[in-house]
Asks: 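Starting off with a structure, shown below.
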Amino acid sequence: AELTFLHPTRDENSETSPESNSNSVVLAVEFCDRIILLTGDLDNSDAAFLETPPLKCDFVLAPHHGGHSASADRLYEWSDPTYVGVSGGSFLRNYATEDALREQGRLVAHTFDDGDIQIRVERDPARPEGQGFFYVSTFKTKRSSLDGAF
């Protein structure tokens, strides 16, 4: 697996924001040509990695718990995820964002409804140098990409 830290940058001239959400670590995890993007609690319109060439992701953890975020729309456009996971509760839940993601054809799981969201990537023995299998399943609602019920 390859881990790439996308945010915050290591630029000597960059300053740490007094707003802690802007300092959230954004991590890309790549294995067998599959990419999972973990965004922490990112709420920053100045996320420099969004100005780099797009990174097609299989799964993105919704920034700022799926709530209103200055960078969310740009992030989804940049990463073009198949799946979006929202880690949050019912308090301040942003149904409009979830509905918009579904209208874009994205598959959305929310921990409040679905419970634990599990991701599994396996090598495809038929393609030793190629893309692996990517699976998403939920604990409480038993949705799974394995059986097409996602």
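Starting from 1, each residue takes its place in the sequence as its number.
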Asks: Of all the heavy-atom pairs spanning Leu61 and Gly40, show the shortest one and how long it is.
Replies: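 That would be CD2-N, 4.4 Å.
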Asks: Under 4.5 Å between side-chain heavy atoms, counting indirect links through other Ile/Leu/Val/Met/Phe/Trp/Tyr residues: same cluster for Leu38 and Phe49 or not?
Replies: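 No, no single cluster joins them.
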Asks: First locate atom CD of Glu30, then atom CG of Leu3, and finally report the distance between them rounded to the nearest 0.5 Å.
Replies: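 Glu30 CD to Leu3 CG: 10.0 Å, rounded to 0.5 Å.
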Asks: Look at atom CD of Glu77 and say whether more than 12 heavy atoms of other residues, nucleotides or ligands are closer to it than 6.0 Å.
Replies: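 Check fails, neighbour count at 12 or below.
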Asks: Do NZ/NE/NH1/NH2 and the carboxylate oxygens of Asp33 and Arg127 come within less than 4.0 Å?
Replies: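 Salt bridge absent between Asp33 and Arg127.
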Asks: What class does the angle between the rings of Phe150 and Tyr83 fall in, given that below 30° is parallel, 30 to 60° is tilted and above 60° is perpendicular?
Replies: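 Correct class here is perpendicular.
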Asks: Between the side chain of Arg34 and the main-chain N/O of Gly132, is any donor-acceptor distance below 3.5 Å?
Replies: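 Indeed, once roles are kept as given, a pair shorter than 3.5 Å links the two residues.
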Asks: Please report the shortest heavy-atom distance between Leu42 and Ala47, naming the atom on each side.
Replies: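 Taking Leu42 first and Ala47 second, the nearest heavy atoms are CD2-CB, 4.4 Å.
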Asks: Using the rule that Ile, Leu, Val, Met, Phe, Trp and Tyr join whenever any side-chain heavy atoms are under 4.5 Å apart, tell me whether Val29 and Val26 fall into a single cluster.
Replies: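 Different clusters.
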Asks: List the steps and the verdict of side-chain contact (heavy atoms from CB on, under 4.5 Å) for Arg102 and Asp99.
Replies: CA-CA 5 Å; Arg102 287 184 181 101; Asp99 290 343; 4.0 Å; yes
Asks: Given Leu107 and Val136, is the side-chain contact (heavy atoms from CB on, under 4.5 Å) satisfied, shown in steps?
Replies: CA-CA 10 Å; Leu107 303 169; Val136 177; over 6 Å; no
Asks: Cluster question for you: counting only ILVMFWY and a side-chain heavy-atom cut-off of under 4.5 Å, with indirect links fine, are Ile35 and Leu101 together?
Replies: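 The answer is yes; both residues are in one hydrophobic cluster.
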Asks: Evaluate side-chain contact (heavy atoms from CB on, under 4.5 Å) for Thr82 paired with Lys56, printing each intermediate quantity in order.
Replies: CA-CA 9 Å; Thr82 303; Lys56 171 65 177 135; 3.5 Å; yes
Asks: Give a yes or no answer on whether the side chain of Trp78 reaches the backbone of Pro53 with a donor-acceptor pair at less than 3.5 Å.
Replies: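 The answer is yes, because a donor-acceptor pair under 3.5 Å joins these two groups.
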Asks: When rounded to the nearest 0.5 angstrom, what is the spacing between CZ in Phe139 and OG1 in Thr111?
Replies: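 Between Phe139 CZ and Thr111 OG1, I get 13.5 Å after rounding to 0.5 Å.
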Asks: With side chain to side chain donor-acceptor pair (under 3.5 Å) as the test, pick out the partner of His64 among Thr39, Asp41, Asn94.
Replies: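 Exactly one candidate clears the test, Asp41.
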Asks: Less than 4.5 Å apart, side chain to side chain, heavy atoms only: is that true for Pro54 and Asp80?
Replies: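 A side-chain contact under 4.5 Å is absent here.
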Asks: What I'd like to find out is whether the side chain of Pro81 reaches to under 4.5 Å of the side chain of Tyr76, using heavy atoms alone.
Replies: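 Sidechains of Tyr76 and Pro81: in contact.
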Asks: Search all heavy atoms of Ala109 against all heavy atoms of Asp114 and return the closest pair with its distance.
Replies: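 That would be CA-OD2, 3.3 Å.
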Asks: Using side chain to side chain contact (heavy atoms under 4.5 Å, CB included) as the criterion, point out the one residue from Val84, Asp58, Leu50, Val60 that pairs with Ser79.
Replies: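 Result: among Val84, Asp58, Leu50, Val60, Val60 is the only option passing the side chain to side chain contact (heavy atoms under 4.5 Å, CB included) with Ser79.
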Asks: Identify the residue among Thr52, Leu27, Leu37 that makes a side chain to side chain contact (heavy atoms under 4.5 Å, CB included) with Leu6.
Replies: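 Checked Thr52, Leu27, Leu37 against Leu6; only one passes side chain to side chain contact (heavy atoms under 4.5 Å, CB included): Leu37.
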Asks: Is there a side-chain contact between Phe59 and Ile117, using heavy atoms and a 4.5 Å cut-off?
Replies: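 With C-beta onward as the side chain, the pair touches.
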Asks: Taking Cys32's backbone N and O only, do any of them form a donor-acceptor pair with Arg123's side chain (distance below 3.5 Å, no angle check)?
Replies: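 No, because the side chain of Arg123 does not come within donor-acceptor range (under 3.5 Å) of the backbone of Cys32.
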Asks: Give, for atom OG1 of Thr141 and atom NE2 of His110, the distance between the pair rounded to the nearest 0.5 Å.
Replies: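 One finds 12.0 Å between OG1 of Thr141 and NE2 of His110.
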Asks: Between Lys140 and Asp113, what is the shortest heavy-atom contact and its length?
Replies: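 Taking every non-hydrogen atom into account, CE-O, 3.5 Å.
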Asks: Please step through side-chain contact (heavy atoms from CB on, under 4.5 Å) for the pair Leu146 and Phe133, ending with a clear verdict.
Replies: CA-CA 10 Å; Leu146 292 172; Phe133 296 110; over 6 Å; no
